Amino acid sequence: MHPSRPIARALVLLVAGLGMCGCVAATTSPSFLANLPSPSASLAPKPTQTPASPASVDSSAEPEPTINPDETNPPDPTPTPIEPIAGCGTGEAGFAAHRSEIPKTLAFGHASIEFTTAGLEMRDGSVVTGDSIPGGVGLTADEIAVVVAPDEQIILRAPNAVLVDTTAAAVSWSTVKFENGLADLSGPRTALRWRVRADGSLSVSAPDRVGDWAVEFLPRWQGDCLKGDGTAYARIKVR
């Protein structure tokens with residue numbers, strides 16, 4: 001069996017040599033090279049996928065939002081058309097034509113007291129105006145007093161206008177101070193009762209205690225075409 005070893009060795013060397021020759025041939029075969037990837041392609045970095053920018057998104061594909069009315073915040077109602085009052089006109093022209101309705105004085109018992117207008121408007125609402133007025137305007141240190149019994153009723157009325165309501169409060173005359181033509185009624189106040197009469201005047205109850213009193217009224221009035229409010233002051237002596 002020893003003589004066979006060199007043959008086996010030779011066969012092994014021959015097979016190995018053929019294998020090497022096959023590898024070389026394979027690497028030089030054109031058809032094989034065509035199937036191999038390009039070295040430059042295999043070394044090039046793979047492209048990184050980046051997300052699409054917002055500008056590239058097709059917003060037209062998105063559904064339009066549904067607009068539902070907000071029941072908690074309804075749209076503004078349609079303004080009510082102004083309906084002029086017969087014989088009054090409307091707007092600035094109507095307001096100017098009926099300025100004579102504005103009271104300048106009020107009758108309080110047998111006395112005439114000054115009335116100072118604060119707010120004014122056309123009754124149809126087409127003109128609204130107002131002024132800031134100082135407190136105590138119209139009351140004087142020598143104001144003529146209406147002399148009545150305790151809790152006696154005194155009529156307050158406006159010429160050519162209806163008195164709708166008022167507030168009425170009395171302070172002791174001894175606490176009233178006068179400065180620069182204005183009265184300061186800063187003393188303790190007593191509310192006076194009043195009621196609306198059928199003829200458009202107000203019936204005011206005098207204080208129920210004997211004394212000398214200054215009274216502040218804040219009446220609202222209404223004419224044929226205008227309406228407004230203001231202040232008036234009076235003096236009452238209760239005996």
Side-chain angles (χ1 to χ4, degrees), residues 72-140 143-144 146 153-171 176 180-186 189-206 214-236:
T72 64
N73 188 23
D76 293 336
T78 302
T80 303
I82 292 175
E83 297 183 5
I85 298 172
C88 292
T90 191
E92 295 290 346
F95 183 85
H98 296 280
R99 290 186 66 89
S100 59
E101 292 183 4
I102 303 171
K104 293 180 175 59
T105 60
L106 301 178
F108 183 56
H110 64 269
S112 178
I113 61 177
E114 185 176 333
F115 178 76
T116 304
T117 299
L120 276 172
E121 61 182 292
M122 287 286 289
R123 285 181 56 191
D124 65 5
S126 58
V127 175
V128 178
T129 184
D131 292 320
S132 295
I133 58 176
V137 61
L139 186 65
T140 62
E143 191 79 25
I144 297 175
V146 177
Q153 299 296 301
I154 310 171
I155 304 302
L156 180 68
R157 69 175 69 251
N160 305 317
V162 171
L163 293 180
V164 179
D165 58 31
T166 190
T167 64
V171 302
V176 179
N180 299 324
L182 297 176
D184 179 6
L185 286 73
S186 57
R189 293 184 170 230
T190 300
L192 301 182
R193 300 186 308 276
W194 58 270
R195 63 180 178 83
V196 178
R197 290 163 45 99
D199 62 358
S201 63
L202 303 178
S203 180
V204 181
S205 297
V215 182
E216 179 186 64
F217 297 108
L218 302 177
R220 292 193 305 142
W221 61 273
Q222 179 174 291
D224 293 333
C225 304
L226 302 182
K227 62 181 180 178
D229 57 25
T231 62
Y233 296 88
R235 185 176 184 179
I236 301 174

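Positions are given from 1 along the sequence. Source: prediction; values computed, not measured.
Counting heavy atoms from C-beta outward, V215 and V204 have side chains that stay 4.5 Å or more apart. Contact check for L202 versus I155: no side-chain heavy atoms found under the 4.5 Å cut-off. In this structure the side chain of L185 reaches within 4.5 angstrom of the side chain of Y233, judged on heavy atoms. At a threshold of 4.5 Å between non-hydrogen side-chain atoms, the residues D224 and H98 do not count as touching. Looking at V137 and L182, their side chains come closer than 4.5 Å, going by heavy atoms from C-beta outward. Between R197 and R195 the shortest side-chain heavy-atom distance falls below 4.5 Å.
Of the possible donor and acceptor atoms, one in the side chain of E101 sits under 3.5 Å from a partner among the backbone N and O of L226. Using a distance-only test at 3.5 Å, with no hydrogens or angles considered, no donor-acceptor pair links the side chain of R123 to the main chain of K227. Although no hydrogens or angles enter the test, the distance criterion places a donor-acceptor pair under 3.5 Å between the side chain of D199 and the main chain of S201.
A side-chain contact (heavy atoms from CB on, under 4.5 Å) with W221 is found for exactly one of I102, L106, V164, V162, namely I102.
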Taking distance alone, no hydrogens or angles, what donor-acceptor pairs closer than 3.5 Å link side-chain atoms of residues 107-121 to residues at least two apart or in another chain?
none

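Counting all heavy atoms, side chain and backbone alike, P84 lies closest to G89 at CB-O, 3.9 Å. Between A158 and L163 the shortest heavy-atom distance is CB-CD2, 3.8 Å. The shortest non-hydrogen separation linking S126 to G91 is OG-N, 2.8 Å. Contact between M122 and T90 at its shortest, heavy atoms only, is CE-CA, 4.0 Å.
With sequence neighbours left out, the salt bridge (charged side-chain N to carboxylate O under 4.0 Å, His left out) criterion links E216 to R189.
Applying the side chain to side chain donor-acceptor pair (under 3.5 Å) test to pairs two or more places apart or on separate chains, those with a residue in residues 159-171 are D165-R220.
We find the OG-CZ distance between S203 and R157 to be 10.5 Å, quoted to the nearest 0.5 Å.
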